[in-house]
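One-based numbering, in listed order, for ligands and for the atoms of each.
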Amino acid sequence: MGGVVASGSGDTALAEALAKELEWDHVQLEARRFPDTEGYVRVPDDCIEPVRSGPVALVSATFPDSAILETLFLLHALNDVREGNMSSLKNGERSLPNVGPGLFLIIPYFGYSRQDKRFMVGEAVSARFLASTFANHCDGIVILDIHAPAAVEGLTTPVELVSSMSEIALHLQTKVHPDFILSPDKGAVERASEVAQTIGVPFSYLEKKRIDAHTIEHTPKDLDVNGQIVAIVDDMISTGGTICRASEALMKQGAKEVHAACTHGLFTGGAIKRLSSHVSGVHSTDSLPNPRANVSAAPALARGVNALLEQI
Ligand code: R5P
């Protein structure tokens, strides 16, 4: 079933790549800001028919915060166009037939996914709130390498959780030739072990304790990495602190080279510079535009869209 991939002010390159994977057309929606920073979105005239003639996969991130509102407004506008709802139109109301379900939200990086539970009484479960809000405005969601799947459990809207680990494994195998894969904490064990298994090399993990957003501690552990090339695999790199501490542990134990690989390259607060003094290479998908993106997230997202198509 052919459809279109749509995008707003960000994510255009990834949306185009996804469209190519799916052999669909890409449509560019209008999304801009007023001088006071409020957002404006519109499905342009030449996109009305394309977004009504088949399924629509809207590629829209939830990071930074401004992207959350843009995503919601784009879903609202696309839903109205697909339902033929043109009420409140200044120059007289019009209507078109409702084309039915088929609006999918494709989230390359799901911001707030680390707040999937209350760590203290009174906190908002931000990830869960966002996921259920999006689910109320679309017919299916694809999320790439979500930090904690608990955020989307139990939603009645179909959610496809997809992963770029097979593409990351292939990239590491051909460009880095690692002898050993390390997960820097228990949370990334499943992902990193999948990479190790695909490449066919040994794997281990570290026990990590986060003291605060900038400070983490690893429990010392003997790793058989003397003279080896090691790739540390995580779902995301933010400040780079987790990777730098893990790399120090590996170098102390004689690793020849350490590389860092992740799906989501946030690289906040000077992370790239910090990483450059700790690892030989940084590898990331383009789920977020970043200077170290060298693996395409599009194939994983396409797998998610195809899985959703089978459910409508
Ligand atoms: C947390 O458990 C995540 O999987 C990452 O390990 C973490 O968010 C990385 O953050 P940073 O780069 O700031 O250490």
Side-chain angles (χ1 to χ4, degrees), residues 61-65 107-120 123 125-128 130-131 143-152 161-165 168-169 172 181-196 203-219 221 223 230-251 258-293 295 297 300:
T62 63
F63 177 86
D65 282 0
I107 308 179
Y109 171 64
F110 186 36
Y112 288 96
S113 60
R114 286 170 288 183
Q115 188 71 25
D116 63 306
K117 55 175 85 72
R118 290 184 226 280
F119 297 88
M120 285 191 285
E123 285 181 350
V125 187
S126 317
R128 174 107 204 133
L130 276 184
I143 306 177
L144 181 65
D145 279 314
I146 189 168
H147 179 69
V152 295
L161 300 180
V162 294
S163 174
S164 283
M165 287 302 142
I168 288 177
L172 292 174
I181 301 292
L182 182 78
S183 167
D185 55 33
K186 276 192 177 162
V189 162
E190 209 177 303
R191 287 179 240 273
S193 61
E194 184 192 329
V195 171
F203 159 84
S204 191
Y205 68 94
L206 295 176
E207 302 267 1
K208 177 176 99 174
K209 187 173 170 200
R210 183 170 284 284
I211 312 297
D212 59 41
H214 297 276
T215 320
I216 62 119
E217 274 176 14
H218 281 122
T219 308
K221 183 176 188 179
L223 299 163
V230 184
I232 307 170
V233 175
D234 209 346
D235 60 331
M236 68 178 84
I237 300 176
S238 180
T239 64
T242 299
I243 296 289
C244 292
R245 297 296 81 75
S247 174
E248 283 163 5
L250 289 164
M251 295 309 274
V258 177
H259 289 254
C262 66
T263 302
H264 310 298
L266 282 148
F267 303 128
T268 49
I272 299 264
K273 194 160 171 242
R274 197 169 303 119
L275 287 163
S276 65
S277 60
H278 282 80
V279 295
S280 304
V282 180
H283 312 263
S284 147
T285 78
D286 53 3
S287 67
L288 290 163
N290 77 76
R292 294 294 177 270
V295 176

Let me know which of Lys209, Arg114, Lys208 forms a salt bridge (charged side-chain N to carboxylate O under 4.0 Å, His left out) with Asp185.
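The passing option is Lys208.
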Taking atom 6 (O) of ligand 1 as the reference point, the nearest protein heavy atom with its distance:
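Answer, as residue, atom name and distance: Asp234 OD2, 2.6 Å.
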Nearest neighbour in protein (non-hydrogen) for atom 10 (O) of ligand 1:
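Answer, as residue, atom name and distance: Arg210 NH2, 3.4 Å.
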Using 30° and 60° as the class boundaries, would you call the ring planes of Tyr109 and Phe63 parallel, tilted or perpendicular?
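Ring orientation of Tyr109 relative to Phe63: perpendicular.
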Counting heavy atoms only, which of Thr215, Asp235, Asp145 is nearest atom 4 (O) of ligand 1?
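Comparing heavy atoms across Thr215, Asp235, Asp145, the nearest one to atom 4 (O) of ligand 1 lies in Asp235.
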State if Ile216 counts as touching ligand 1 under the rule of any non-hydrogen atom under 4.0 Å.
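Distance cut 4.0 Å: Ile216 fails for ligand 1.
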Taking a cutoff of less than 4.0 Å between a non-hydrogen atom of the residue and any ligand atom, is Gly187 in contact with ligand 1?
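It does not; every heavy atom stays at 4.0 Å or beyond.
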If you measure from each non-hydrogen atom of Thr242 to ligand 1, which part falls under 4.0 Å: side chain, backbone, both or neither?
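For Thr242, backbone and side-chain atoms both sit under 4.0 Å from ligand 1.
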Under-4.0 Å heavy-atom contact with ligand 1, by part of Met236 that carries it:
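It is both parts that get close, each with some atom under 4.0 Å.
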Numbering as shown, the atoms of ligand 1 that approach Gly240 to under 4.0 Å (heavy-atom distance)
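Those of ligand 1 that fall under 4.0 Å from Gly240 are 11 (P), 12 (O), 13 (O).
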Under a 4.0 angstrom heavy-atom cut-off, which atoms of ligand 1 come close to Gly241?
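It comes down to these atoms of ligand 1: 12 (O), 14 (O).
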Under a 3.5 Å distance rule, please check whether Arg274 uses its side chain to pair with a backbone N or O of Thr239 as donor and acceptor.
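Yes, the answer is positive, given that a donor and an acceptor are paired below the 3.5 Å cut-off.
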Within a reach of under 6.0 Å around NZ of Lys221, are more than 12 heavy atoms found that belong to other residues, nucleotides or ligands?
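It does: Lys221 NZ has more than 12 such atoms within range.
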Is the shortest N/O to N/O distance between Ile243 and ligand 1 below 3.5 Å?
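Checking ligand 1 against Ile243, no N or O pair falls under 3.5 Å apart.
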